[in-house]
Amino acid sequence: MENIILTVGPGEATSGNIWGRPLAHLVYRMGGGGGEGPHLFRANAPVAPRGGTMVIEDIRFSGGGEAEPFCGEVLRECAARRFNGVTCRFLGKPRPVLHQITARLGELCRGRGIALYVTEPYAGASGGKALVSTAVSGGSLRGRLTEMIETYGADRVALWVEPVAEDFLLPSPTGAGAPLTREELERRREEQGSGVFFSPELCAHYFTYMAGEKGHFVLFDDAVSIRKKLWLGRELGLRTAFLPYREELTREVLREEER
């Protein structure tokens with residue numbers, strides 16, 4: 001992948017890069033809403049981030065308010081921290097003000113040469129690059145990426161690498177599994193002694209086991225499956241991917257990418 005951006009949380013890195021890669025700082029959120037309007041908040045850290053891309057999440061946003069003041073806050077933070085990119089990772093319920101914010105940020109960022117990345121519901125009006133999560137539990141990742149590329153073009157789609165580790169009870173009517181920590185995943189593999197397989201459709205590893213009369217399907221990523229996801233994106237013409245910074249895992253992924 002031509003442009004791999006490492007996503008870092010509060011305190012993981014404040015400026016520069018890691019292993020020669022640009023950074024995306026997961027330290028911002030949108031708060032407020034209603035009568036007081038949306039505002040930009042930054043997580044507490046010993047040193048504020050500097051350079052790279054700011055990532056804004058909407059986890060606690062209640063909706064409502066005006067777009068323009070919030071967009072001004074974002075642009076002032078970009079200038080103060082020398083950010084060259086803004087990522088609106090809005091995963092909550094789509095709201096009119098969020099559409100207004102991303103559309104206005106699209107105009108403002110284009111005028112200042114700042115890259116804008118947005119989650120899919122906001123890609124159309126904003127003109128930003130649409131983020132596509134690599135965590136799929138049904139269908140196929142290739143199909144999902146192809147659909148997005150047909151809609152926006154390869155130059156306006158970016159991968160958001162989201163390593164998965166989930167335990168699905170079969171059948172799974174909701175399509176949602178129980179998240180597993182890395183320790184829980186390894187313990188379950190050892191306890192069950194199940195053979196591990198690779199799903200080309202999901203581009204992830206999996207194994208199955210029985211607990212009493214109930215079947216389970218465990219889907220997970222490692223460095224090998226993440227590299228395959230990056231290779232798939234490259235094959236389809238994508239140029240940018242956001243990769244989480246997890247020292248050993250990330251180092252192993254990048255080691256192969258640089259060969």
Heavy atoms only: give me the nearest [X]-[Y] pair and the separation to one decimal.
X	Y	answer
L116	V118	CG-CG1, 4.0 Å
P49	V27	CG-CG2, 3.9 Å
L141	S133	CD1-O, 4.2 Å
N3	P22	OD1-CG, 4.0 Å
P244	T7	CA-OG1, 3.1 Å
P38	I101	CG-CD1, 4.2 Å

Hey, is the main chain of [Y] close enough, under 3.5 Å, to the side chain of [X] for a donor-acceptor pair?
X	Y	result
T134	P163	no
D58	G92	yes
H25	F83	no

Side-chain heavy-atom pair I149, T151 within 4.5 angstrom cut-off: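 Of all side-chain heavy-atom pairs linking T151 with I149, none is under 4.5 Å.
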Do the side chains of L236 and V157 get nearer than 4.5 Å, heavy atoms only?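 SC-SC contact between V157 and L236 ruled out.
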Using a strict cut-off of less than 4.0 Å between a Lys/Arg side-chain nitrogen and an Asp/Glu carboxylate oxygen, indicate whether R251 and E247 qualify as a salt bridge.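 Looking at E247 together with R251, the answer is yes, because their closest N to O distance falls below 4.0 Å.
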Salt bridge or not for E107 and R104, using N-O below 4.0 Å?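 Yes, this pair counts.
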Nearest 0.5 Å please: distance from the [atom1] atom of [X] over to the [atom2] atom of [Y].
X	Y	atom1	atom2	value
R189	L180	CZ	CG	12.0 Å
S140	L145	OG	CG	8.5 Å
E201	C203	CD	SG	10.0 Å
I59	F41	CD1	CZ	13.5 Å
L131	W160	CG	CH2	6.5 Å
R50	R81	CZ	CZ	7.0 Å

Step through the shown structure and confirm whether more than 12 heavy atoms of other residues, nucleotides or ligands are within 6.0 Å of CZ on R182.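 Yes, CZ of R182 has more than 12 neighbouring heavy atoms, counting only those of other groups under 6.0 Å.
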Within a reach of under 6.0 Å around CZ of R82, are more than 12 heavy atoms found that belong to other residues, nucleotides or ligands?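 Check fails, neighbour count at 12 or below.
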Scan residues 155-165 for pairs that pass salt bridge (Lys or Arg N to Asp or Glu O under 4.0 Å), counting only residues two or more places apart or in two chains.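 Counting only pairs at least two positions apart or across chains, the salt bridge (Lys or Arg N to Asp or Glu O under 4.0 Å) contacts touching residues 155-165 are R89-E162.
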With sequence neighbours excluded, give me every side-chain hydrogen bond (donor to acceptor under 3.5 Å, both in side chains) pair touching residues 205-221.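 Qualifying pairs, neighbours excluded: D167-Y209, D167-H216, H205-D222, Y209-H216, D221-S225, D221-K229.
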Show every side-chain hydrogen bond (donor to acceptor under 3.5 Å, both in side chains) that has at least one partner inside residues 113-127, sequence neighbours left out.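 Passing the test, one end in residues 113-127: E120-R144.
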Output all residues satisfying side-chain hydrogen bond (donor to acceptor under 3.5 Å, both in side chains) with E191, sequence neighbours left out; order by chain, then residue number.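 Per chain and number, E191 pairs via side-chain hydrogen bond (donor to acceptor under 3.5 Å, both in side chains) with no residue.
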Which atom pairs, one a donor and one an acceptor, fall under 3.5 Å between side chains of residues 73-80 and the rest of the protein, sequence neighbours left out?
unit_1: E73; atom_1: OE1; unit_2: L40; atom_2: N; d: 2.7
unit_1: E73; atom_1: OE2; unit_2: H39; atom_2: ND1; d: 2.8
unit_1: E77; atom_1: OE2; unit_2: Y28; atom_2: OH; d: 2.6
unit_1: E77; atom_1: OE2; unit_2: R42; atom_2: NH1; d: 2.9

Partner set under salt bridge (Lys or Arg N to Asp or Glu O under 4.0 Å) for E190, not counting sequence neighbours: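 For E190 there are no salt bridge (Lys or Arg N to Asp or Glu O under 4.0 Å) partners, ignoring immediate neighbours.
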Chi angles and distances behind the salt bridge (charged side-chain N to carboxylate O under 4.0 Å, His left out) call for E2, R234: CA-CA 8 Å; E2 180 179 329; R234 184 189 299 114; over 6 Å; no
Tell me which one of L105, V86, L108, N84 satisfies side chain to side chain contact (heavy atoms under 4.5 Å, CB included) with I114.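 So, applying the side chain to side chain contact (heavy atoms under 4.5 Å, CB included) to I114 and each of L105, V86, L108, N84, only V86 qualifies.
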Using the ring of F198 (Phe, Tyr or Trp, six-membered ring only), decide whether K228 places NZ or CZ under 6.0 Å from its centre and within 45 degrees of its axis.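 The answer is yes; both the distance and angle limits are met.
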